[in-house]
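All ligand and atom numbering here is 1-based and tracks the order in the structure. Values below: every heavy atom of this structure, side chains too, minus hydrogens, waters and symmetry copies.
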Amino acid sequence: MSATVLGNGDSGPGDRPPIPEEIAELTDPSNRIDPYPLLNKLRDRSPYSPFDGLVVVGRHAQTSEVLRDPTMSAARDKATISPTARGPRTRNFLHLDPPEHTRYRRLVSGAFARRKMESLAPQIRENATELLRSGAASGTIDVIEDLAYPLPLRMICELLGVPYEDRDRIKDWSAILAESLDPQFGASAGRMTRETARARAAFVGYFRDLVELRRAEPREDLISHLLQAEVDGEQLDDSDILATCVLLLNAGHETTANLIGNAILALLRHPEQYERLRADPTLAAATVEEVLRYDAPVQMTARVARQPGTIGDTELRPGDTILLLIGAANRDPDVYPDPARFDIDRVHGTPHLAFSAGAHFCLGAPLARLEATIALELFGTLMREPRLRPDGVAYKPNLNLRGLARLPVDVDGVGSR
Ligand code: HEM
């Protein structure tokens, strides 16, 4: 979810640092189908600095260490390589550091606590059942359009108090913001700037109207809660509320949609594992953990060094951006034996980093885990003889928020629970 801009979109092409081949390759759309050979190479070479201002880290231990290190900042405006290539950002708490970060996070953390999320299980189950039944009615279900995308979107809309009827607009803006989280190098730097700024402004404008409605007539939803919340005895100003709304809505559905899609693709490509899950739906939660490791829905994040230091033998200067390759760390052979093997029975000794670590550990992890677990359980129970249509499978253009655009599956009807 974090934003990473590499290369300098504000300067002329001549000012941009030369982009080493392996880094430029990362952004090549032809690597979306299987980015792991390249990520493995980058991890094995890391830590290293491909050019001034950037340090790449992909080993599990070092990635985890940087994420937990209080001297590393999540505020991208502290970076020497321009974080502004995509235009003005909203000030959401993903990019704040403690103590400010802690205060803002605390305002919403209760609303996403595990116990609270568990109480949503019946509703998630009901929604997922309905989506699967109607999606499969024609004999072919597009797992993304019919299940993986609408399920988390419905739930986060409901929690925030956003009308689900507005989903088409939300979907368009979110897709642009999701793509804008990709690193932007050399020629591609700044490509998304105007489009991103427009989508962000439209999103904020949308929430501004909704906030006014809730101010006039509060409800039992998160927007109304934020309007009443106080930080250090003061109410939040509107721009903080709007930034938090955009963060929660986006983070709350794009990533989980990718998790559900990546999971069903991995299962259908490993029929023996799918069969194990189908025979024993209690394996769904373990399957979700293995998918988070094996094909992380958020592939990378970044931190900015505040102090001089080192990572391994690589020197850090204040303002250096540290690109953290979560997808590579999750396949580090020093931590996971035979890391490229998808194995739902894998015993996870060391936690994967799919939800990050440290102060910014994903706030929505309990919700994402619950939605994906229920989706997998029900897919296994309800879909009769699912068969992947390999020629229809397509990835979204995103590198960072890794997920499918289409996942068509033929089925012989719908079973009963
Ligand atoms: C599979 C689904 C998800 C994945 C893989 C994921 C991943 C992440 C990651 C990697 C971060 C931290 C980035 C960093 O350290 O720089 C993060 C933060 C965050 N996530 Fe998620 N996320 C998911 C679902 C959700 C959901 C459902 C919500 C619902 C609200 C959510 C809300 C947030 C928020 C608010 C933060 C910022 C936390 C902070 O800065 O303190 N995420 N997520």
Side-chain angles (χ1 to χ4, degrees), residues 1-4 57 63-64 66-69 72-76 90-114 116-117 120 124 148-149 151-160 162 174 178 181 222 226 243-263 288-304 321-327 329-330 351-373 375-376 398 400-403:
M1 233 142 338
S2 70
T4 312
V57 171
T63 307
S64 172
V66 171
L67 288 169
R68 294 166 207 272
D69 183 343
M72 300 290 175
S73 173
R76 304 302 141 79
T90 49
R91 214 179 75 105
N92 67 51
F93 61 86
L94 181 59
H95 296 136
L96 294 180
D97 292 323
E100 221 184 352
H101 166 261
T102 321
R103 290 198 292 268
Y104 280 87
R105 182 173 164 122
R106 203 176 292 142
L107 285 180
V108 284
S109 57
F112 292 96
R114 187 194 305 253
K116 186 102 185 237
M117 293 302 101
L120 298 176
I124 298 172
Y149 194 83
L151 180 65
L153 182 58
R154 269 192 202 183
M155 293 309 303
I156 195 70
C157 281
E158 180 137 344
L159 285 168
L160 274 166
V162 169
S174 297
L181 296 182
L222 209 46
L226 285 170
T244 306
C245 289
V246 174
L247 170 66
L248 292 174
L249 185 58
N250 268 325
H253 79 283
E254 283 284 349
T255 47
T256 311
N258 293 345
L259 171 59
I260 296 171
N262 295 357
V288 167
E289 290 316 299
E290 175 62 349
V291 176
L292 285 161
R293 182 199 70 82
Y294 172 82
D295 203 7
V298 176
Q299 288 270 311
M300 55 193 66
T301 187
R303 292 292 185 267
V304 180
T321 295
I322 301 141
L323 179 64
L324 300 161
L325 302 175
I326 291 173
N330 280 353
H352 59 69
L353 296 172
F355 289 124
S356 187
H360 292 275
F361 181 84
C362 176
L363 190 77
L367 176 60
R369 285 181 159 129
L370 186 66
E371 289 173 341
T373 302
L376 295 194
N398 313 352
N400 188 0
L401 298 200
R402 172 171 174 72

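Of the candidates A368, A296, A251, A251 brings a heavy atom nearest to atom 26 (C) of ligand 1. When the heavy atoms of I260, L259, L370 are ranked by distance to atom 1 (C) of ligand 1, first place goes to L259.
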Kindly determine whether Q299 and N400 satisfy side-chain contact (heavy atoms from CB on, under 4.5 Å), including the steps that lead there.
CA-CA 5 Å; Q299 288 270 311; N400 188 0; 4.1 Å; yes
Go through the steps for N250 and T255 under the test side-chain contact (heavy atoms from CB on, under 4.5 Å), then give the verdict.
CA-CA 8 Å; N250 268 325; T255 47; over 6 Å; no
Please lay out, stage by stage, how L367 and T256 fare under the test side-chain contact (heavy atoms from CB on, under 4.5 Å).
CA-CA 9 Å; L367 176 60; T256 311; over 6 Å; no
side-chain contact (heavy atoms from CB on, under 4.5 Å), that's the test. Do R76 and R303 meet it? Break it down for me.
CA-CA 7 Å; R76 304 302 141 79; R303 292 292 185 267; 3.7 Å; yes
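At a 4.0 Å cut-off, at least one heavy atom of H101 sits close enough to ligand 1 to count as contact. For P152, the closest heavy-atom approach to ligand 1 does not fall below 4.0 Å. Heavy-atom distances between R303 and ligand 1 reach below 4.0 Å in at least one pair. Contact analysis puts A354 in contact with ligand 1, with a non-hydrogen atom separation below 4.0 angstrom.
Using a 4.0 Å cut-off between charged nitrogen and carboxylate oxygen, E100 and R103 do not count as a salt-bridge pair.
Of the possible donor and acceptor atoms, one in the side chain of D97 sits under 3.5 Å from a partner among the backbone N and O of A74.
Between S356 and ligand 1, at least one pair of N/O atoms sits closer than 3.5 Å. Ligand 1 has a nitrogen or oxygen under 3.5 angstrom from a nitrogen or oxygen of R105.
No side-chain heavy atom of T102 sits less than 4.5 Å from a side-chain heavy atom of L96.
At a heavy-atom cutoff of 4.0 Å, ligand 1 is contacted by the side chain of F112 but not by its backbone. Heavy atoms from both the backbone and the side chain of T255 come within less than 4.0 Å of ligand 1.
Ring geometry, H360 versus H101: the interplanar angle falls from 30° to 60°, so the pair is classed tilted.
Proximity to A359 (heavy-atom distance under 4.0 Å) selects the following atoms of ligand 1: 41 (O).
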